[in-house]
Amino acid sequence: MPRKILVAVAWPYVNGEPHLGHIAGMNVPADIFARYHRLMGNEVAMVSGSDMHGTPTALKAAEEGVSPEVVATRYHEIWSKALSDMSFSYDLYTHTHTDRHREVSQELFLGLKENGHLSEATQSMPFSETEQRFLSDRFVEGTCPHCGHESARGDQCDNCNRTLDPIDLINIRSKRDGSTPVFKDTTHLMLKLGDFQKQLEDWVSSKTEWRANVRNQTLGILRDGLHDRAMTRDIDWGVPVPVEGYESKRIYVWFEAVIGYLSATRAWAEQRGTPDEWKKFWTEPDGESYYFQGKDNVSFHTIILPSILLGNGGLNLPTDVVANEYLNIGGNEFSKSKGNAIWVPDFLSRYEADPLRYYLASIMPETSDSEFTWEGFHAANNNELVATFGNFVHRVLTITTRNFDNAVPTPTELDDNDKAALAACDTALEEVSTAIDARRFRDGLRAAMRLARYGNQYIDTKEPWKVVKTDKESAGTSLWVGLNVISTLRTVFYPYLPTSADKIHSMLFTDSDILADGWNRRDIVASTPIGTPLPLFRKLDDSIIEEENARLLGN
RNA sequence: GGCGAUGUAGCUCAGCCGGUUAGAGCGCGCGCUUCAUAAGCGCGAGGUCGUAGGUUCAAGUCCCACCAUCGCUACCA
């Protein structure tokens, strides 16, 4: 019975290009997970899209003097291409400015209203008279009442770190034009999160296999008790609120962004001509769903999204919320403003996706922040991919084609070493499978690379390049075993390095594709022709370290 | 301030319910090999397990306090 796996990837807000920090924590693990499950024969839908309605996007548009849609669409296209160039296998990468998304968002919003989970509340907010609009907390600044810092934000003081309410700010002013806002009452619809307190507690408590940061952080929030939270905003860019009297407001962007997972699954099902297929993942009891994103997003996926789903009823809660920490560079977060960022399109103009996927998976910030360095990328590429994995594949294929007329040799009786090598293949399949299914991606990669090292040890023991001169049958058997190891490496590396796995496949086999072979050690058949071996990976010159570090400082 | 996570060899990380000389990969040193993109294999040197207490026959592994880093703290997406 195939499992039904929804791979839900966080929705980036599109006001810039993707950098390595973005993809390391969400897209890379999600794609490994999705590819693994497809190879296992499970039913997979991997969906995501661009969050078009983020405030930063609207802000950037205002700066440029164009409509938010222009900016959002521009960066959506850049993101789509970059994700595709990274070989991320989305079944659908859409965006939130579609009719389908608006309909589904409004439908769930009204569902909550009909079920009595929305309430109205009036609050006093800063209002700009010059712009005739309400200013969200990030658009006002003033003097901190606690420490006297002169440019405290509306929600928090950057100097003393205390949480603030904009009404407490001394000398409050608009960050947009410096004018002094007035405070005006505004009414919003609030989601009564408290309605779901008990259900959420029971649900999260039962999820003992979740990562510690996700589970404990959520339990901590629940322990404090949930309060109503506004689900509408005084802005004009976003999904209209489908309620009379709210024509000038929009649905809170986080509300509709997390609904994107559902609207995108439905859009995917429609596009493939099976409009009800989304239900496999969302309403059938054995549908599984995995949400990949950064550690700053946890509560939106463990509190708000589940509340929306519970409040509508009949929709599956997340099986797991896989939150990663951050990938840093130079000891800091990737930051556009500080100039220390490596952009995906730029990276891919000089290097290939697979080595990057390898390095990012090997340093994936699963338990704590990790650090991208060019030295590390260079070393991972040259010492591990080229020297260990690529070289093993290349040396076995080369010896084989040169001595056995470009075809798979016929094995004779297997000795203990041969049997151990085949057993190592099965062990690797088992270990990588267990690790990926448990969302331990670094572990899985290590287990895969262990098989490549084992292959080198085996071949060194057997010395077929030497034995072939005296005992061709014996050398042929060793190479046949080596080819089995290569075939298995193709499988266990496929989730991590899909392009390289495809290259191996096309050198070993002429029929079918990797997916058709499943998560198994496909037997190597004697006499099958083998293509000319080509290196899997390109060795990088030492000079790139200095070049890239200089480039980083220069931008 | 409150909540949460993290802190183990130069680097990236394993160490489950506490129990022989704390492990792996990469890097580094030495040796072997030369089929292979000068790639491979073997051996070895590196750690008072963030700090300071406590519990215990025994603690990296449990308890307390503290320090550092990161996230959240409900209107940043």
query = Taking the six-membered ring for Trp, are A/Trp203 and A/Trp210 parallel (under 30°), tilted (30 to 60°) or perpendicular (over 60°)?
reply = perpendicular

message = Taking the C1' atom in each of B/rU21 and B/rG60, what is the distance between them to the nearest angstrom?
response = 16 Å

ask   = Quick one: is A/Gln457 getting a side-chain N or O under 4.0 Å of the B/rG42 phosphate, OP1 or OP2?
value = yes

C1' gap between B/rU6 and B/rG15, integer Å = 16 Å

query = What class does the angle between the rings of A/Phe372 and A/Trp374 fall in, given that below 30° is parallel, 30 to 60° is tilted and above 60° is perpendicular?
reply = perpendicular

request  = Check the pair A/Arg538, A/Asn381 against side chain to side chain donor-acceptor pair (under 3.5 Å), reporting the backbone distance first and the verdict last.
outcome  = CA-CA 8 Å; A/Arg538 179 169 60 97; A/Asn381 183 79; over 6 Å; no

query = With a non-hydrogen cut-off below 4.0 angstrom, is A/Gly225 in contact with a base, only sugar-phosphate, or nothing?
reply = base

inquiry  = Nearest to the A/Asp460 side chain among B/rC70, B/rU12, B/rC35, which nucleotide is it?
reply    = B/rC35

inquiry  = Counting only side-chain heavy atoms from C-beta out, which of B/rA36, B/rA5, B/rG40 sits nearest to A/Glu325?
reply    = B/rA5

Listing, residues 253-261 of chain A side-chain donor-acceptor contacts under 3.5 Å, not counting sequence neighbours, or none:
from	atom 1	to	atom 2	distance (Å)
A/Glu256	OE1	A/His101	NE2	2.7
A/Glu256	OE2	A/His53	ND1	2.7
A/Tyr261	OH	A/His301	NE2	2.7

query = Is there a donor-acceptor contact under 3.5 Å linking the side chains of A/His22 and A/Asn27?
reply = no

ask   = B/rU12 and B/rG27: how far apart are their C1' atoms, nearest whole angstrom?
value = 11 Å

Set of salt bridge (Lys or Arg N to Asp or Glu O under 4.0 Å) partners for A/Arg215, sequence neighbours left out = none

query = P atom, B/rC64 versus B/rA45: distance in rounded Å?
reply = 39 Å

message = Would B/rG46 be called syn or anti here, given the cut-off of 90° from 0?
response = syn

request  = Take atom CG of A/Leu222 and atom P of B/rG4, then tell me their distance rounded to the nearest Å.
outcome  = 13 Å

ask   = Are A/Lys207 and A/Thr218 close enough that a side-chain donor and a side-chain acceptor fall under 3.5 Å?
value = no

request  = Indicate the ring-plane relationship of A/Phe127 and A/Phe134, choosing parallel, tilted or perpendicular according to the 30° and 60° boundaries.
outcome  = perpendicular

task = Classify the nucleic acid contact of A/Arg442 as base, sugar-phosphate or nothing, counting any heavy atom under 4.0 Å across all strands shown.
result = sugar-phosphate

request  = For B/rC13 and B/rC17, measure between their C1' atoms and round to the nearest Å.
outcome  = 23 Å

ask   = Rounded to whole angstrom units, what separation is found between the CZ atom of A/Arg211 and the P atom of B/rG71?
value = 18 Å

inquiry  = What contact category does A/Asp51 fall into here, base, sugar-phosphate, or nothing, at under 4.0 angstrom with non-hydrogen atoms?
reply    = sugar-phosphate

query = Contact class for A/Tyr326 (heavy atom, under 4.0 Å): base, sugar-phosphate, or nothing?
reply = sugar-phosphate

key: Euclidean distance, atom CZ of residue A/Arg538 to atom C1' of B/rA36 [Å, nearest integer]   = 19 Å

inquiry  = Applying a 3.5 angstrom cut-off to the pairing atoms, does RNA chain B sit in any stems of at least three consecutive Watson-Crick or G-U pairs? List them by first number.
reply    = B:1-7 with B:67-73, B:10-13 with B:23-26, B:28-32 with B:40-44

inquiry  = Using the side-chain hydrogen bond (donor to acceptor under 3.5 Å, both in side chains) criterion, which residues pair with A/Tyr351? Sequence neighbours excluded.
reply    = A/Glu548

remark   = Of the candidates B/rG4, B/rC41, B/rC72, the side chain of A/Asn456 sits closest to B/rC41

note = Under a 4.0 Å heavy-atom criterion, the protein footprint on nucleotides 23-30 of chain B, written with B, S and -, is --SSS---

task = Write down the distance between CD (A/Gln293) and C1' (B/rC72), rounded to a whole number of angstrom.
result = 13 Å

query = Between B/rG4, B/rC76, B/rG40, which one does the side chain of A/Asn216 approach most closely?
reply = B/rG4

inquiry  = At 4.0 Å (heavy atoms only), tell me whether A/Leu219 reaches a base, stays on the sugar-phosphate, or touches nothing.
reply    = nothing

Sugar-phosphate only, base, or nothing, as touched by A/Ser362 at under 4.0 Å among non-hydrogen atoms = sugar-phosphate

message = I want to confirm an ordering. Mapping A/Gly54 and A/Arg402 to their closest nucleotides on RNA chain B, which one lands closer to the 5' end?
response = A/Arg402

task = From the options B/rU37, B/rC13, B/rG40, select the nucleotide whose nearest atom is closest to the side chain of A/Ser370.
result = B/rC13

query = So what does A/Val386 touch, heavy atoms closer than 4.0 Å: a base, only the sugar-phosphate, or nothing?
reply = base

message = Starting the side chain at C-beta, find the nucleotide from B/rA5, B/rG40, B/rC76 nearest to A/Asn213.
response = B/rA5

P gap between B/rC3 and B/rA14, integer Å = 26 Å

task = In whole angstrom, give me the gap between the P atoms of B/rC70 and B/rG46.
result = 34 Å

request  = Please report, rounded to the nearest Å, how far the P atom of B/rA74 is from the CE atom of A/Met190.
outcome  = 12 Å

N or O in side chain of A/Thr302 less than 4.0 angstrom from B/rC72 OP1/OP2 = no

key: NZ/NE/NH1/NH2 to OD/OE distance under 4.0 Å, A/Lys192 and A/Asp228   = no

inquiry  = Looking only at the side chain of A/Leu193 (C-beta and beyond, no hydrogens), which of the listed nucleotides B/rG4, B/rU6, B/rA74 gets closest?
reply    = B/rA74

remark   = Comparing A/Glu463 with A/Asp234, nearest RNA chain B nucleotide closer to 5' gives the residue A/Glu463

inquiry  = Any base atoms under 4.0 Å from A/Phe134, or only sugar-phosphate, or nothing? Heavy atoms, all strands.
reply    = nothing

task = Write down the distance between CG (A/Asp369) and P (B/rG71), rounded to a whole number of angstrom.
result = 7 Å

ask   = Considering the options A/Asn391, A/Asn456, A/Ile486, which one meets the side-chain contact (heavy atoms from CB on, under 4.5 Å) requirement together with A/Val396?
value = A/Ile486

note = Rounded to whole Å, the CZ-P distance (A/Arg223 to B/rA74) equals 18 Å

query = Which residues satisfy the salt bridge (Lys or Arg N to Asp or Glu O under 4.0 Å) test with A/Glu325, sequence neighbours excluded?
reply = A/Lys295

query = Expressed as a whole number of Å, how far does the P atom of B/rU8 sit from that of B/rG50?
reply = 6 Å

request  = Indicate, with a heavy-atom threshold strictly under 4.0 Å, whether A/Trp254 touches base, sugar-phosphate, or nothing.
outcome  = base

query = Looking only at N and O atoms, is any donor in the side chain of A/Asn391 or the base of B/rA36 less than 3.5 Å from an acceptor on the other one?
reply = yes

request  = Measure from the side-chain heavy atoms of A/Lys466 and tell me the nearest of B/rG71, B/rU34, B/rC76.
outcome  = B/rU34

message = What's A/Ile304 touching, base or sugar-phosphate or nothing? Going by heavy atoms closer than 4.0 Å.
response = nothing

request  = Rounded off to whole Å, could you give me the CD-to-P distance for the A/Glu431 and B/rA14 pair?
outcome  = 16 Å

key: Ion pair A/Arg133/A/Asp236, N-O distance below 4.0 Å   = no

